[in-house]
Amino acid sequence: QVQLVESGGGLVQAGGSLRVSCATSERTASTYNMGWFRQAPGKEREFVAYINWAGVITDYADSVKGRFTISRDNAKKTVYLQMSSLKPEDTAVYYCAVKIRPSTTREIQGYGYWGQGTQVTVSS
């Protein structure tokens, strides 16, 4: 199956920035629509951002709009999430996934091939 690997998480102070990455070695990776989700302790996994295969169409959760930017480099088969003006409530494990169904960009059931996640911790 498709394998995704997240990286770049870490500890950052509130107001700081961090970039997480999602990489794959799949030959057809450049054709995938991709999403970022996050899950905080005791909470359900929630939608964060979406980017289509060409990097032209994006969508963001209201909670991160204006602070986070999703992008991709198809030559490197990597999707990025640049996070700025970070808040303690952004603390979570961040996951990437492939959009595998013709659902809306925000529906978690429309995604599959989840990565293992990378921890992002924002201190006060």
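Scope of the values below: all heavy atoms of this structure, side chains included, with no hydrogens, waters or symmetry mates.
Trp53 and Leu81 fall into different hydrophobic clusters, where Ile, Leu, Val, Met, Phe, Trp and Tyr residues are linked whenever their side-chain heavy atoms come under 4.5 Å apart, directly or through other members. Under a hydrophobic clustering in which Ile, Leu, Val, Met, Phe, Trp and Tyr are joined whenever their side-chain heavy atoms come within less than 4.5 Å, directly or via other members, Ile108 and Ile70 fall into different clusters.
Hydrophobic clustering, defined by side-chain heavy atoms of Ile, Leu, Val, Met, Phe, Trp and Tyr closer than 4.5 Å, leaves Tyr80 isolated from every other such residue.
Atoms CE and OG1, from Met34 and Thr58 in turn, are 15.0 Å apart once rounded to the nearest 0.5 Å. With rounding to the nearest 0.5 angstrom, the CD atom of Gln116 is 13.0 Å from the OG atom of Ser7.
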Side chains of residues 44-52: which donor-acceptor partners sit under 3.5 Å, not counting sequence neighbours?
unit_1 : atom_1 : unit_2 : atom_2 : d
Arg45  : NE     : Gln39  : OE1    : 3.3
Arg45  : NH2    : Gln39  : OE1    : 3.3
Glu46  : OE2    : Arg38  : NE     : 2.8
Glu46  : OE2    : Arg38  : NH2    : 3.3
Asn52  : OD1    : Gly55  : N      : 3.1
Asn52  : OD1    : Val56  : N      : 2.9
Asn52  : OD1    : Ile57  : N      : 2.9

Ignoring hydrogens and angles, write down the donor-acceptor pairs under 3.5 Å from the side chains of residues 21-31, residues two or more places apart or on other chains.
unit_1 : atom_1 : unit_2 : atom_2 : d
Thr24  : OG1    : Gln3   : O      : 2.9
Thr24  : OG1    : Glu26  : N      : 3.2
Thr28  : OG1    : Tyr32  : OH     : 2.9
Thr31  : OG1    : Thr28  : O      : 2.7

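Sorted by first and then second residue, the ring-ring contact (aromatic ring centres under 6.0 Å, His included) pairs with a member in residues 95-124 read Phe37-Tyr111, Phe37-Trp114; sequence neighbours excluded. Applying the salt bridge (charged side-chain N to carboxylate O under 4.0 Å, His left out) test to pairs two or more places apart or on separate chains, none has a residue in residues 114-124. Residues in residues 2-19 take part in no salt bridge (charged side-chain N to carboxylate O under 4.0 Å, His left out) pair, two or more places apart or across chains. The salt bridge (charged side-chain N to carboxylate O under 4.0 Å, His left out) contacts involving residues 68-79 comprise nothing, where partners must be two or more places apart or lie in separate chains. Pairs engaging residues 31-74 under the disulfide bond (SG atoms under 2.5 Å apart) rule: none recorded [sequence neighbours left out].
Residues Val122 and Lys87 are not in side-chain contact: their nearest non-hydrogen atoms beyond the backbone lie 4.5 Å or more apart. Asn33 places none of its side-chain heavy atoms less than 4.5 Å from the side chain of Val98. No side-chain heavy atom of Val93 sits less than 4.5 Å from a side-chain heavy atom of Thr118.
Applying the salt bridge (Lys or Arg N to Asp or Glu O under 4.0 Å) criterion to Lys43, with sequence neighbours excluded, gives no partner residue. For the salt bridge (Lys or Arg N to Asp or Glu O under 4.0 Å) test, residues two or more places apart in sequence or in another chain that qualify with Arg67 are Asp90. In terms of the salt bridge (Lys or Arg N to Asp or Glu O under 4.0 Å) criterion, residue partners of Asp59 (sequence neighbours excluded) are, by chain and number, Arg106. Partners of Thr121 by side-chain contact (heavy atoms from CB on, under 4.5 Å), not counting sequence neighbours, listed by chain and number: Leu11, Thr91, Gln119.
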> Can Gln82 and Ser17 be said to form a side-chain contact (heavy atoms from CB on, under 4.5 Å), step by step?
Replying inline: CA-CA 7 Å; Gln82 177 67 49; Ser17 299; 3.9 Å; yes
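Within a 6.0 Å sphere centred on CD of Glu107, heavy atoms belonging to other residues, nucleotides or ligands number more than 12. Open room surrounds CD on Gln13; 12 or fewer heavy atoms of other groups in view lie less than 6.0 Å from it.
Closest heavy-atom contact between Ser124 and Pro88: OG-CG, 3.7 Å.
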